[in-house]
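Working notes, beginning with the structure itself.
First the proteins, then the strands, lettered A, B, ... as listed; each starts at 1.
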2 protein chains.
Amino acid sequence: MSVEAKSKSHSIRAVDALRALIFAGELPPGSDHLESELAEKLGMSRTPVREATLVLESQGLLEVRPRKGVRISALSADDMREIYEVLTELESLAASLAADAHYSEQELSRLKSATLEMEASVAANDREGWARADAAFHDELVRLGGNKRIQTIVSNFNDQVRRARALTLHMRPMPKKSNEDHRALYEAIAKGDSTAARKIHWRHRTEAKDMLINLLNQHGLRRV
Amino acid sequence: MSVEAKSKSHSIRAVDALRALIFAGELPPGSDHLESELAEKLGMSRTPVREATLVLESQGLLEVRPRKGVRISALSADDMREIYEVLTELESLAASLAADAHYSEQELSRLKSATLEMEASVAANDREGWARADAAFHDELVRLGGNKRIQTIVSNFNDQVRRARALTLHMRPMPKKSNEDHRALYEAIAKGDSTAARKIHWRHRTEAKDMLINLLNQHGLRRV
DNA sequence: CAATTATTTAACGTATACATTAAAAAATTC
DNA sequence: GAATTTTTTAATGTATACGTTAAATAATTG
């Protein structure tokens, strides 16, 4: 028998369900939804839905606007810049911390395998596969940094820009340069060169930010 | 007639009241409190208290532990290090952004006046006054950085280390070196030298972190 | 008596009724 | 008829009752 989904509270299921609906675009950015509508849609009373909206508001995925319903967050290019500034800075710090930790090759194996997967995906022209491996690489990088606060913040902000990344995945050129960056970053961390690790990742993220914002602007996506 | 406190929802007043109780040490770090106790203490039902605890949990001030009550966060030296790593990084970014913004002297007047206040407080041996001015300086620095996300995160983390700062305020030497740093940072921002601004602030915060952690360790404060 | 099982308890999680209040609609006034 | 006031509406905010369940206690069994 497979592992069963363990029964969670309605409140937690509401958080999960609303997140899924937001990511799937069923609750589109900028749209408004009454508590009672959401409660009905999720098959529960308003109480757990209200609690879920408070949690999601703190994560920046929506905004509670009394008497106007909750509004699903829609990010402008400027919001995107702000978020990427923070992501860039904190991930770069994580890269630096990871290098300072002097991990063994064994401990860096996931990071390594993610780079290999990205390279294979690029070779196979598989953008979704590349995106998955890229996400795995960044997650693992932040995990190796060892700072729980950074992990939480980065995870939240990644959620917030998830739609924008999905939207632009097929607009951008195949990420070849990106793979070189990841390989170089891996080497810097393996060598324990924290200054290089920080710089490489900083430039990598800054370029990713510029590309994303340009793509959104070029395609007239004012708010996503 | 003076400005009246406008009537807010119980839920919002619960957030404010619990924050105040935590900062005042009436709900000490590590202590547990049932929803029903807090509700009674605040003179309202459990509903708005529950909502408040969710908000405060997302801000890291407490942890909701079903059936064990909410536990007021207690930070270890390691937690403190994590938080200061993030504060250092994001405030340094804010300093760099502030320098790049090329503000006029007029626009930097609050930053200037905060430095003057700190110097006056040190001269007068007034630690509380110095702490207030220092907080004002850092707040204004982050505001000048112009990134709302940084402001939010820094504000949360400052709240989390508030008690630790208060505890160590009278253990530390009078902050003379600190004043020089602030003056140098002001100059770098006024000149628009973002690299210098970043470096100066980074070192400043790193030193503050080391001092704080040393003080907590020396005084046997394992968790605050 | 130790370990296990059954029972009780108490705190939380949820639904629901109702109070409150901002916004919308209708009525009134000039 | 426009502007103001009053009324109505509807959505949220809150209290409360009750169901659910984890933890504590008591009972049982070997």
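- D:dT16 atom P lies 12 Å from atom CZ of B:R46, rounded to whole Å.
- Between the CD atom in B:E140 and the NZ atom in B:K112 there is a gap of 14.0 Å [rounded to 0.5 Å].
- The residue B:T47 sits close to a base: some heavy atom pair falls under 4.0 Å.
- When the side-chain nitrogen and oxygen atoms of B:R50 are compared with OP1 and OP2 of C:dG13, one or more of them lie within a distance under 4.0 Å.
- Following rounding to the nearest Å, A:I12 (CD1) and C:dC12 (C1') show an atom-to-atom distance of 12 Å.
- Rounding to whole angstrom units, CD of residue B:E35 and P of C:dC12 are separated by 4 Å.
- Here C:dT14 presents its P atom at 12 Å from CG of A:L42, a figure rounded to the nearest Å.
- Atom P of nucleotide D:dA24 and atom NZ of B:K68 are separated by 8 Å, given to the nearest angstrom.
- Rounded to a whole Å, the CD atom of B:E51 is 13 Å from the P atom of C:dG13.
- At a cut-off of 3.5 angstrom, the base of C:dG13 holds no donor-acceptor pair with the side chain of B:R67.
- For the pair B:H10 and D:dA15, the criterion of a side-chain N or O lying under 4.0 Å from OP1 or OP2 is met.
- Counting to the nearest Å, the C1' atom of C:dT21 and the CZ atom of A:R65 are 17 Å from each other.
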* Apply side chain to side chain contact (heavy atoms under 4.5 Å, CB included) to the pair B:D79 and B:Q160, showing each step before the final yes or no. => CA-CA 10 Å; B:D79 290 320; B:Q160 290 185 47; over 6 Å; no
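- Within 6.0 Å of CD on A:Q218 lie more than 12 heavy atoms contributed by other residues, nucleotides or ligands.
- The side chain of A:P66 approaches D:dG13 more closely than any other nucleotide in the set D:dG13, D:dT16, C:dT14.
- Rounded to whole Å, atom P of C:dG13 lies 12 Å from atom CG of B:L34.
- Ring centers of B:H138 and B:H201: under 6.0 Å apart, within the cut-off.
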